Amino acid sequence: MRRCTSLPSPCSLSEPRSSASIKTLLNLCKTLRTLEQIHAQIIQKGLEDDNSIVCSFVSLCNSLSVLRYATSVFHRVSNPSLVPLWNSILKGHCDHSSLALSLTLFSRMRLHPVAPDNYTLPALIKCCSHESAICVGKGIHGLTIKYGVVDEVAVGSSLIGLYGKCGKICHARNVFDEMSVKNEVSWNVMIVAYVNFGDMVEARRVFDIMPVRNVVSWNAMIDRYAKFGNLKNARKLFDEMPEKNVISYTSMIDGYAKRGDMASARFLFEHCQQRDVILWSALISGYTQNGLPNEAVKMFFEMKSTNVRPDEFIMVSLMSACSHIGHLQLAKWTDSYMNMSCFDLHNTHVAAALVDMNAKCGNMERAIRLFNNMPKRDLVSYCSMIQGLSVHGQGEKAVGLFYKMLSEGLTPDDVAFTVILTTCSRAGLVEEGYGLFDLMRKGYSIVPSPDHYACMVDLLGRSGQLKAAYDLIKSMPIEPHAGTWGALLGACKLHYDIEFGEIVAARLKELEPCNSGTYVLLSNIYAAANRWFDVSIFLGSFGSYILSSITTKWHWVSPFSLLDDYHASEDDDLELSSLYHATWIVPSIMHEVHAWWQASMEKEMATLEQITHGS
DNA sequence: ATTGCATATG
């Protein structure tokens, strides 16, 4: 049975209604359904032509975003002579339609003739700034002078907003200085104009001298400080701020997350009383982007348990976290949850994330089906598929898809080439890789990044051409990063080349003295050559360091990704093997480590079990 | 009789 939200039935409204009582009803109306009932009564009582009734009706339509309904009712008024009536229909157009249509209506209003006032013009100016229509905006600025409303606060404020939006910061400031009466909004628009212009110094100056600051003024400053990475200033204002709202917290959390400081982000999150989707989104996407996908997944389910409805943004973060974890069961759950909850699967970001998640979690059939059904396949979704095929050992198919992408006219960027070069080295497609490296430089004029060189070094190294790889590093026009040397060291390990390995490891120790990976790889080389003495000498002093780096890291490296050979990345293999090396060196703690590993794995299993079954 | 102008997420 449908719950009754409607007005009393017509039979109970026995007596003829005056326009005053219709107005009372309009004031009480909250839904489209009741609005329709009132409309019926307006027609019944023959009040369709009543300017003031239609005026209230139209403004109610505006707040319910039903512009067409408002327009149809407005058109039945034979002589719309009231300024407020024109204003309310015009406002509906300014807020929910285009500038062009709003202007058409505006010119009809002036021909009628009805003179615009201090309600009409700010609405139009706002519409201009929304579309960055500076010329039309200037024309309306002229009209505000003509009709003598240029000195109104709302007119001034909307003009500052317009000029600010269009980058005419001096015009904005002129309008601001000319205003004889300013309110909080005018000060805020001025601050926002400076802040969007990137002039934090001037914004701060205005902020400091404004007579009354409200939550918008504080948030505008905090958000921009945080966005520009000035977390110190942002936090200082945040702490000084008398009454923070959820937006203040969101800006701070987002700033910390972009900086990689998830501890501070989490700290503030715990202190925020009111948590909306956007706040959760800032935290969850922060965890995903900072390589803490398990934490993102946990927070997602915590959010769901508080009955906050996830939106598309959150789902994209969750799917990205799934891709990083590579947990098939969780991916399947997420996929079916998306379908059940009626998310828009045609949204480009959602569709791309779905393909990416399925491809990375090993459900290639599903990924391929989704990919083929995509309305528009862009670079990102192509790369997801290529990478999916690549990690599932189908390197040649991946390369084939890359060429298909080119034939569809998409232009690969540096990331796309990183993906395809990685694919080639993983699949041992040396010739292919070389060809693509050339194509990137000559065909698409992309200057190879250190990452690209690292891919090529990896490619040559894996195929056993250690010398060629070394020469490539030497020939690099830019400084190779540790990853490039690391790729070569990995190749030395693969081919058990001790002499080369020692040279490369020495170079790496200079570049990254604290990276346990170097020590682990070289110890692997020694170990493979049965040179246990060298292993122990080499690792002796680092054994405990490696162990601590492993144990601190393990609170986020999922045991699933470590254990599952199929999905394990290179790094995870490294961590696992370094554990065993470390326990060889320090046998006394072996039991302890083993117990710890067991416990942490069981804990993670239990959590994921709970997550995938409990919801 | 319209209640106008400002802030937040991939």
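It should be emphasised that the depicted structure is a prediction, and the values quoted were computed from it without experimental measurement. Chain naming here is simple, since letters A, B, ... match the order of the sequence lines and numbering starts at 1 in each.
The aromatic ring centres of A:Y69 and A:F57 sit less than 6.0 Å apart. Remark: aromatic rings of A:F300 and A:W280 are distant, center separation not under 6.0 Å.
Rounded to whole Å, the distance from CG on A:L283 to P on B:dG10 is 13 Å. The distance from atom CZ of A:F176 to atom C1' of B:dA6 is 13 Å, rounded to the nearest whole Å. Atom-to-atom, CE of A:M200 to P of B:dT7 comes out at 15 Å; the value is rounded to the nearest Å. The interatomic distance linking A:N87 (CG) with B:dT3 (P) rounds to 10 Å, in whole Å. Per the geometry, CE belonging to A:M190 stands 19 Å off P belonging to B:dC5, to the nearest Å. A straight line from CH2 of A:W187 to C1' of B:dT7 spans 18 Å, rounded to a whole angstrom. The OH-P distance, from A:Y225 to B:dT7, rounds to 19 Å in whole Å. If you measure from atom CG of A:L90 to atom P of B:dT3, you get 13 Å, rounded to the nearest angstrom.
To the nearest 0.5 Å, atom OG of residue A:S56 and atom CG of residue A:L85 are 9.5 Å apart.
Here A:K165 lies out of heavy-atom contact (under 4.0 Å) with every strand. Among the heavy atoms of the strands lying under 4.0 Å from A:K227 are primed sugar atoms or P, OP1, OP2 only; no base atom is included. Using a 4.0 Å heavy-atom distance criterion, A:Q289 is classed as a sugar-phosphate-only contact.
A close approach under 4.0 Å does not occur between any side-chain nitrogen or oxygen of A:K244 and OP1 or OP2 of B:dA8. In this model, the phosphate group of B:dC5 is approached by a side-chain N or O of A:K126 to a distance below 4.0 Å at OP1 or OP2.
Taking the charged nitrogens against the carboxylate oxygens, A:R205 and A:E202 do have a contact shorter than 4.0 Å, which makes a salt bridge.
Nearest to the side chain of A:S52, among B:dA8, B:dA1, B:dG10, sits B:dA1. For A:D276, counting side-chain heavy atoms from C-beta on, the closest listed nucleotide (B:dA6, B:dG10, B:dA8) is B:dA8. Nearest to the side chain of A:Y119, among B:dA8, B:dT3, B:dA6, sits B:dT3. The listed nucleotides are B:dG10, B:dG4, B:dT2; the one nearest the side chain of A:S59 is B:dT2. With distances taken from any side-chain atom of A:D223 to the nucleotides B:dT2, B:dT7, B:dA8, the minimum falls on B:dA8. Side-chain proximity of A:N118 to B:dT7, B:dC5, B:dG4: nearest is B:dG4. Taking only side-chain atoms of A:V316, from C-beta outward, the nucleotide of B:dG10, B:dA1, B:dT7 with the closest atom is B:dG10. Residue A:N51 has its side chain nearest to B:dA1 when only B:dA6, B:dA1, B:dA8 are considered. Comparing B:dT9, B:dA1, B:dT7 by their closest approach to the side chain of A:V216 singles out B:dT7.
In this pair, A:F313 does not lay its aromatic ring on the base of B:dG10; centres under 5.5 Å and planes under 30 degrees do not both hold.
A:N358 places a side-chain N or O within donor-acceptor distance of the main-chain N or O of A:L354, the cut-off being under 3.5 Å.
In summary, of the residues considered (A:W218, A:Y194, A:Y225), a ring pair (Phe, Tyr, Trp, His ring centres under 6.0 Å) with A:F207 occurs for A:W218 alone.
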